[in-house]
Amino acid sequence: MLIVKEALSNILYNALTEAKKKGELKIKDEPLIVLEIPKDETKGDVATTVAMALAASEKKKPRDIAEIIVKHIKDEAGIIDKIDIAGPGFINFLLKNEYYHQILKQIDKEGKDYGSVDIGKGEKVQVEFVSANPTGPLHVGHGRGAAVGDALSNLLAAAGYDVTREFYINDAGRQVRLLAESSYCSCMGKPIPADGYHGAYIDEIAASAKTVISDIKKRIYAGPIDDKGAAAASQAISLNFPNVSFEESEAFFAWHSKKCLLEEIRKDLEDFGVRFDNWFSEQSLLNDSSVKKSIEELKERGFAYEKDDALWLRSTAFGDDKDRVVIKKDGSYTYLATDIAYHRNKLSRGFKSLINIWGADHHGYIPRVQAVIQAFGHPKDTLHVLLVQLVAVLRQGKPVPMSKRAGDFVTLREVVQEVGSDAARFFFLMRRSDSHLDFDLELAKKQSSENPVYYVQYAHARLCSVERQAEERGIKIPDADSVDFGLLKLPEERNMMKQLALYPITIEGAARALEPHRITFYLQNLAGLLHNYYFHHRIIIDDKPLTDARLVLMKGVRQVIKNALGILGISAPEKM
RNA sequence: GCCCCCGUAGCUCAGUUGGAUAGAGCAGCAGUUUCCUAAACUGUUGGCCGCACGUUCAAAUCGUGUCGGGGGCACCA
């Protein structure tokens with residue numbers, strides 16, 4: 001279909017040029033040739049709106065212009081079956097069936113690569129997502145961010161970008177100190193401060209802290225020890241349980257708690273099928289003084305200044321409402337300071353495009369980070385921020401109460417355990433990321449057509465079953481080159497082929513718009529066509545040539561379902 | 001008070017970046033299997049696209065205003 005679009009716009013371009021030469025059309029500025037796929041199938045396969053677009057400048061009726069254009073169309077490639085003019089001035093093209101047969105051959109040849117396009121041209125893109133504080137387990141909201149970020153990364157990779165997935169670890173500052181203090185208190189049997197972290201996981205961390213200390217003392221500790229760990233471990237050796245103050249043991253508890261939670265986060269994500277290329281520590285930006293250097297650079301560039309004993313970023317120069325503090329009066333950094341260093345670091349790694357996936361509550365932060373990008377001399381649209389709205393978990397149609405403060409929220413782990421990773425992912429990707437999502441646990445578990453996950457997966461399983469049946473009857477699944485597709489005469493068959501041809505276009509559109517949810521809609525449509533066809537027609541019949549053609553068509557549908565599910569990070573089961 | 005997002009069928013949401021008669025799922029109602037998996041299929045009910053102006057050949061889509069819902073406006077992270 002991509003090729004067809006190109007071919008058609010050439011044909012139209014030539015027709016316009018010809019009409020101009022003959023003096024039938026003036027054509028002052030070259031019109032943009034817009035091609036679209038009509039939602040109403042009876043209108044044709046592809047339509048163009050050029051005639052209407054030209055109406056104003058030509059001072060002619062759109063339909064008359066369309067007549068002139070059509071008169072000059074020369075279909076040298078022989079892809080057009082029928083052309084007609086309809087409505088206010090649409091030119092509709094019906095493509096030859098051979099074109100769709102060609103698609104089936106292409107799918108057969110390309111297999112898992114069918115649908116890949118090259119709009120990215122190998123450009124380096126970074127997608128940063130989840131980036132949770134290592135101060136507690138991941139909750140459903142993080143799960144949605146993870147599903148969106150991962151699917152988007154897959155999508156961009158399929159669209160020809162060189163994608164790097166990164167998790168930014170917010171491991172600096174107050175919250176880590178609080179975490180350390182919370183686990184210290186739990187370990188010592190002291191009450192956890194009110195603004196600290198509560199919940200059972202803190203007690204687990206405290207319990208394991210005791211074991212680690214004793215293991216280190218006995219020199220039998222087997223866990224990993226990095227630079228920070230070594231310092232913490234040596235401190236642990238000197239700890240004198242239970243008579244030790246938080247000040248004396250903070251380094252140890254910070255290191256240990258952080259390590260435990262990061263491991264847990266990593267595991268939660270892995271079980272959810274999400275892996276990162278890079279885990280980037282916020283603290284490292286402070287340790288290697290890149291925060292300091294970044295701020296120096298901003299000063300040199302004239303976008304940072306001192307006022308009221310504080311250092312400010314001149315973000316208003318780039319459209320922010322007000323300038324923002326980077327170094328506070330007391331000399332400490334704000335969160336923005338490390339973000340400045342982090343984004344400078346990202347830019348220095350040569351990414352052409354940065355995509356940050358944030359919770360919607362951070363949207364007020366976008367202008368200042370975009371200001372940072374520009375202050376370093378990069379165009380504003382280098383950075384794309386995708387906002388992910390909150391998830392409301394429903395049980396029996398009623399929202400499950402969540403309060404972060406009380407440490408009482410539905411974790412990603414719980415949801416994945418209850419409904420499975422596939423269903424969870426599909427649900428997270430069913431809506432545009434910036435709209436609210438109701439996650440119905442009962443629905444996600446339901447094994448019926450009400451549940452879109454199973455509806456789509458079942459389509460794949462059904463087709464696998466057909467292939468198994470065919471093999472049992474001694475029918476080999478034929479090659480696309482060896483069958484007569486002309487036998488596929490049913491409108492349902494043509495519709496399916498058309499839908500398959502649409503897949504690369506869907507990928508391209510979704511990638512350009514950074515909207516992975518479009519793939520879930522595409523899949524539901526394709527699965528719908530398949531189930532309908534399957535119910536009404538038999539694939540394996542006495543007519544061998546027709547059976548062969550149908551088997552190749554089914555193979556194509558199965559392949560595309562599998563490819564699309566792959567982008568969403570959802571499995572394509574062979575049996576259900 | 002200022003800024004951002006949302007407002008489309010009873011419910012949950014799509015709507016190909018401005019196109020033709022606005023779609024799907026669920027719920028409701030009525031049906032379908034001697035046959036490759038019924039985790040499936042068919043039919044049917046349901047709409048001032050929040051409201052009002054404007055931009056143009058054409059607006060659910062763009063602009064202004066307005067109402068309703070959510071969120072953000074820290075020398076917090």
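Note on naming: letters A, B, ... go to the chains in the order of the sequence lines (proteins, then strands), and numbering restarts at 1 for each one.
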Q) What do the steps show when you test A:Arg395 against A:Glu418 for salt bridge (Lys or Arg N to Asp or Glu O under 4.0 Å), and what is the final call? A) CA-CA 12 Å; A:Arg395 190 179 287 288; A:Glu418 183 165 348; 3.0 Å; yes
Q | Stepwise side-chain contact (heavy atoms from CB on, under 4.5 Å) test for A:Leu179 and A:Asn133 | A | CA-CA 10 Å; A:Leu179 172 72; A:Asn133 297 339; over 6 Å; no
Q: Before giving the answer on side-chain contact (heavy atoms from CB on, under 4.5 Å), spell out for A:Leu285 and A:Tyr168 the whole-Å C-alpha distance, their side-chain angles and the decisive distance to 0.1 Å.
A: CA-CA 11 Å; A:Leu285 293 165; A:Tyr168 181 55; 3.9 Å; yes
Using a cut-off of under 3.5 Å, enumerate the N/O to N/O pairs linking the protein to nucleotides 2-9 of chain B.
| unit_1 | atom_1 | unit_2 | atom_2 | d |
| --- | --- | --- | --- | --- |
| B:rC6 | OP1 | A:Arg432 | NH2 | 3.2 |

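Under 4.0 angstrom from either OP1 or OP2 of B:rA77 there lies no side-chain N or O belonging to A:Arg177. Under 4.0 angstrom from either OP1 or OP2 of B:rA24 there lies no side-chain N or O belonging to A:Asn525. Contact between the side-chain N/O atoms of A:Lys39 and the OP1/OP2 oxygens of B:rA20 is found at a separation under 4.0 Å. Put simply, A:Lys328 has no side-chain N or O that comes within less than 4.0 Å of OP1 or OP2 on B:rA74. Regarding contacts with the backbone of B:rA39, every side-chain N or O of A:Tyr534 stays at 4.0 angstrom or more from both OP1 and OP2.
Within 4.0 Å of A:His436, counting heavy atoms only, lie sugar-phosphate atoms of the nucleic acid but no base atom. Note on A:Ala172: only backbone sugar-phosphate atoms sit closer than 4.0 angstrom, heavy atoms only; bases stay farther off.
If you check B:rA77, B:rC36, B:rG15 against the side chain of A:Arg174, the one that comes closest is B:rA77. Taking only side-chain atoms of A:Phe521, from C-beta outward, the nucleotide of B:rG19, B:rA14, B:rU17 with the closest atom is B:rA14. Of the listed nucleotides (B:rC36, B:rA20, B:rC75), B:rA20 has the atom at the smallest distance from the side chain of A:Phe90. Among the nucleotides B:rA20, B:rG71, B:rC41, the one closest to the side chain of A:Asp361 is B:rG71.
Judged by Watson-Crick or G-U wobble contacts below 3.5 Å, the nucleotide B:rA9 has no partner. Under the Watson-Crick or G-U wobble criterion, with both distances below 3.5 Å, B:rG43 is paired with B:rC29. The nucleotide B:rC36 finds no pairing partner, because no Watson-Crick or G-U wobble arrangement with both distances shorter than 3.5 Å includes it. Using the Watson-Crick or G-U wobble rule with both distances under 3.5 Å, B:rC75 pairs with nothing in any strand shown. Nucleotide B:rC51: paired with B:rG65 (Watson-Crick or G-U wobble, both distances less than 3.5 Å). Across the strands present, B:rA20 finds no partner; the criterion is a Watson-Crick or G-U wobble pair with both atom distances under 3.5 angstrom.
No donor-acceptor pair under 3.5 Å is formed between the side chain of A:Gln524 and the backbone N or O of A:Val456. Under a 3.5 Å cut-off, the side chain of A:Thr334 and the backbone N or O of A:Val325 do form a donor-acceptor pair.
Within a 6.0 Å sphere centred on NZ of A:Lys445, other residues, nucleotides and ligands contribute more than 12 heavy atoms. The local environment of NZ in A:Lys60 is crowded, with over 12 non-hydrogen atoms from other residues, nucleotides or ligands closer than 6.0 Å. For A:Asp381, the CG atom sits in a packed shell: over 12 heavy atoms of surrounding residues, nucleotides or ligands are nearer than 6.0 Å.
For A:Asp339 against B:rA77, no side-chain N or O and base N or O form a donor-acceptor pair under 3.5 Å.
Only the P atoms considered, B:rU12 is 28 Å distant from B:rU17, to the nearest whole Å. Comparing B:rU66 with B:rC3, their P atoms are spaced 10 Å from each other, to the whole Å.
A heavy atom lying under 4.0 Å from RNA chain B marks the following residues of residues 437-446 of chain A, by number: A:Asp438.
Checked against A:Glu467 for a salt bridge (charged side-chain N to carboxylate O under 4.0 Å, His left out), the options A:Arg558, A:Arg473, A:Lys555 give a single hit: A:Arg558.
Counting heavy atoms from C-beta outward, A:Val372 and A:Leu298 have side chains that stay 4.5 Å or more apart. In this structure, A:Tyr100 and A:Leu488 have side chains that are not in contact, with every pair of non-hydrogen atoms separated by 4.5 Å or more.
Classified by its glycosidic torsion, B:rU55 falls in the anti category, the angle being over 90° from 0.
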